[in-house]
Q: 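Handing you this structure, nothing more for now.
Labels below follow one simple rule: chain letters A, B, ... track the order of the sequence lines, proteins then strands, and each chain is numbered from 1.
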There are 2 protein chains.
Amino acid sequence: MSEPLEGAELLCADAVGDVIEHWGFRKALGRVWAILYLETVPLGAADIAQRLTMSAGAVSTSLGELQRWGVVRRVWRPGERKEYFEAETDFWKMISKVVSERERFLAESVKDRLDRAATSAEAAPKSAKRAHVLERIKRLSAFANVAQAVLDSFIQSQRADFQKFGNLLSLTRAAKVAKEAS
Amino acid sequence: MSEPLEGAELLCADAVGDVIEHWGFRKALGRVWAILYLETVPLGAADIAQRLTMSAGAVSTSLGELQRWGVVRRVWRPGERKEYFEAETDFWKMISKVVSERERFLAESVKDRLDRAATSAEAAPKSAKRAHVLERIKRLSAFANVAQAVLDSFIQSQRADFQKFGNLLSLTRAAKVAKEAS
DNA sequence: CTGAATTTTCAGAACATTCTGAAAGTTCAT
DNA sequence: ATGAACTTTCAGAATGTTCTGAAAATTCAG
């Protein structure tokens with residue numbers, strides 16, 4: 001139950017890995033999540049390591065991180081020492097959590113620094129240059145605020161639309177798959 | 001005209017650098033853009049290098065990349081060998097170009113790979129497992145499509161709203177700044 | 001054309017990230 | 001309580017990225 005993977009599942013895992021890497025996470029995170037997503041049953045760490053040819057350490061840290069992001073869950077089986085893991089399957093839940101958490105942190109830190117920059121600029125002697133710098137800093141701050149607002153509203157209000165759209169698509173897909181499957 | 005920078009401008013440049021880095025580009029790109037954004041006049045490469053304490057090489061590649069992303073423009077001065085550069089100031093123009101270009105490329109490549117994964121999975125003997133894997137791959141594909149659609153519509157339709165919101169904010173800001181500036 | 005000014009390129013250095021493998025730590029069935 | 005089963009941690013290796021500095025290429029005023 002766990003040769004190194006090949007074929008469809010590996011292809012998939014690597015594709016997801018690349019997307020995730022493109023989004024600024026480690027590729028391993030995407031690969032591990034994908035493997036769990038494609039499985040019918042929860043997997044143990046050692047199993048994942050073998051399928052993806054990763055070391056125990058890499059799997060352990062990846063699973064830890066995935067859980068912190070809330071995209072993988074731990075599953076206990078009664079009377080078993082071993083821990084099993086399964087993937088969160090609700091894409092929206094994952095996206096919204098990750099986007100909100102990541103951007104919220106960044107937004108705070110950046111707004112802080114721009115405020116400090118503005119204060120520092122105000123300390124300079126008045127001049128056309130100073131006024132220009134101040135105006136540009138204010139514009140940057142304003143943009144940060146707008147961006148945050150847009151992201152927030154996207155996360156909150158678009159959720160319904162997104163799900164509706166998504167469900168529609170996956171329903172047509174599911175119908176097609178059901179027809180195909182034997 | 002170009003000691004190593006300090007104070008407000010450096011603070012700003014580094015803040016922008018970090019944001020940009022968080023979005024998966026080199027920090028240097030953000031810093032160079034920010035310096036140009038804060039300046040009243042176009043700057044030459046050597047000038048930028050000194051202000052940000054970067055090597056000529058780093059500045060050259062950064063400016064090249066920024067131009068390819070359309071967020072920095074080259075400016076000629078008649079009878080001058082030297083090239084000058086200025087920042088694009090329309091945030092939306094920048095965001096939409098970068099987002100669309102980056103995500104379009106990724107979306108294509110990923111959809112391709114998922115299709116190949118599906119084909120490969122179909123080659124396996126029919127079984128409950130195969131059906132499940134296929135269904136999950138289809139869901140991933142569907143999600144990729146939805147995500148692309150959402151991004152596209154965001155880029156196109158939200159543009160108006162975004163600009164309206166942004167202008168509102170920057171107008172109030174501009175008024176305040178104008179009042180302050182002597 | 002020429003050559004000085006300027007930009008681009010690129011090999012290697014410096015730095016940063018991620019992985020491995022094994023030791024240390026934890027947990028639970030007994 | 002014990003110890004086998006399993007997980008986490010971490011130092012060092014491997015890998016990947018970005019920068020430097022100088023050589024090569026380009027450009028344009030004269």
Side-chain angles (χ1 to χ4, degrees), chain A residues 1-2 4-5 13-14 16-33 35-36 42-69 72-86 102, chain B residues 1-2 4-5 13-14 16-33 35-36 42-69 72-86 102:
Chain A
M1 178 48 112
S2 56
L5 222 50
D14 287 341
V16 172
D18 285 352
V19 174
I20 255 44
E21 188 176 35
H22 201 77
W23 273 76
F25 300 91
R26 309 199 329 269
K27 190 193 307 229
L29 262 48
R31 302 212 315 145
V32 169
W33 177 86
I35 282 308
L36 293 176
L43 297 179
D47 203 343
I48 296 169
Q50 284 176 294
R51 297 194 191 196
L52 294 177
T53 329
M54 294 168 64
S55 70
V59 171
S60 175
T61 54
S62 296
L63 283 171
E65 209 164 326
L66 287 168
Q67 281 173 279
R68 260 183 285 117
W69 283 109
V72 157
R73 271 186 304 273
R74 196 178 296 231
V75 169
W76 270 287
R77 287 195 181 162
E80 282 233 47
R81 169 73 191 84
K82 196 150 109 184
E83 289 170 333
Y84 291 84
F85 300 88
E86 67 182 11
R102 259 179 61 142
Chain B
M1 179 47 113
S2 56
L5 222 50
D14 287 340
V16 173
D18 285 351
V19 175
I20 255 45
E21 187 176 33
H22 200 78
W23 273 76
F25 300 90
R26 309 199 330 269
K27 190 192 306 228
L29 262 47
R31 302 212 316 144
V32 170
W33 177 86
I35 283 308
L36 293 175
L43 297 179
D47 203 342
I48 296 170
Q50 282 176 295
R51 297 195 191 196
L52 294 177
T53 329
M54 292 168 66
S55 70
V59 171
S60 175
T61 54
S62 296
L63 283 171
E65 209 165 325
L66 287 168
Q67 282 172 279
R68 260 184 285 116
W69 283 110
V72 157
R73 269 187 305 274
R74 194 177 298 228
V75 170
W76 270 286
R77 287 194 181 162
E80 281 234 49
R81 168 72 190 83
K82 197 151 108 183
E83 290 170 331
Y84 291 84
F85 300 87
E86 67 183 10
R102 261 181 59 144

Q: Would you indicate what A:Gly79 reaches in the nucleic acid, counting non-hydrogen atoms under 4.0 angstrom: base, sugar-phosphate, or nothing?
A: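 Answer is sugar-phosphate: A:Gly79 comes under 4.0 Å of backbone atoms only.
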
Q: Mind checking side chain to side chain contact (heavy atoms under 4.5 Å, CB included) for A:Glu83 and listing every partner two or more places apart, or none if nothing turns up?
A: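 Once residues adjacent in sequence are excluded, the partners of A:Glu83 under the side chain to side chain contact (heavy atoms under 4.5 Å, CB included) criterion are A:Arg74, A:Trp76, A:Phe85.
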
Q: Counting only side-chain heavy atoms from C-beta out, which of C:dC19, C:dT8, C:dT6 sits nearest to A:Arg26?
A: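 Within the option list, the nearest is C:dC19.
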
Q: Does A:Asp14 have any salt bridge (charged side-chain N to carboxylate O under 4.0 Å, His left out) partners at least two apart in sequence or in another chain, and if so, which?
A: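 Salt bridge (charged side-chain N to carboxylate O under 4.0 Å, His left out) list for A:Asp14, sorted by chain: A:Arg31.
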
Q: Looking at B:Thr53 and B:Ala49, would you say the former's side chain and the latter's main chain have a donor-acceptor pair under 3.5 Å?
A: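 Here the side-chain-to-backbone pair does not exist.
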
Q: Just how far, in rounded Å, is C1' of C:dC28 from CH2 of A:Trp76?
A: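 Answer to the nearest Å: 12 Å.
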
Q: Using heavy-atom distances to pick each residue's nearest nucleotide on DNA chain C, tell me which of A:Gly24 and A:Gly57 is more 5'.
A: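 The 5'-side residue here is A:Gly24.
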
Q: Using whole Å, what does the distance between atom P of nucleotide C:dT6 and atom CG of B:Leu43 come to?
A: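 Taking atom P of C:dT6 as the reference, CG of B:Leu43 is at 15 Å.
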
Q: Sub-3.5 Å donor-acceptor pair from the side chain of A:Ser62 to the main-chain atoms of A:Ala58, do we have one?
A: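 Yes, because the side chain of A:Ser62 sits within donor-acceptor range (under 3.5 Å) of the backbone of A:Ala58.
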
Q: For A:Arg81 and B:Lys82, take the nucleotide of DNA chain C holding the closest heavy atom to each; which residue's nucleotide lies nearer the 5' end?
A: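 Checking each residue's closest nucleotide, the 5'-ward one belongs to B:Lys82.
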
Q: Could you tell me from which nucleotide to which nucleotide of DNA chain D, 5' to 3', there is an atom under 4.0 Å from chain A heavy atoms?
A: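 Span of nucleotides near chain A: D:dA5 to D:dT9.
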
Q: Round to the nearest Å and state the distance from B:Arg77 atom CZ to C:dT6 atom P.
A: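 After rounding, the gap between these two atoms is 12 Å.
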
Q: If you assign A:Ala45 and A:Glu21 each to the DNA chain D nucleotide with the nearest heavy atom, which residue ends up on the more 5' nucleotide?
A: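 Going by which nucleotide is closer to the 5' end, it is A:Ala45.
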
Q: Is B:Arg73 close enough and on-axis enough to B:Tyr84, meaning under 6.0 Å and within 45°, for cation-pi?
A: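 No, B:Arg73 does not sit over the ring of B:Tyr84.
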
Q: Please give me the minimum heavy-atom distance between A:Val59 and A:Ala45, naming the atom from each residue.
A: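 Taking A:Val59 first and A:Ala45 second, the nearest heavy atoms are CG1-O, 3.7 Å.
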
Q: Between A:Lys27 (NZ) and C:dC19 (P), how many Å, whole number?
A: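 The answer, rounded to whole Å, is 9 Å.
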
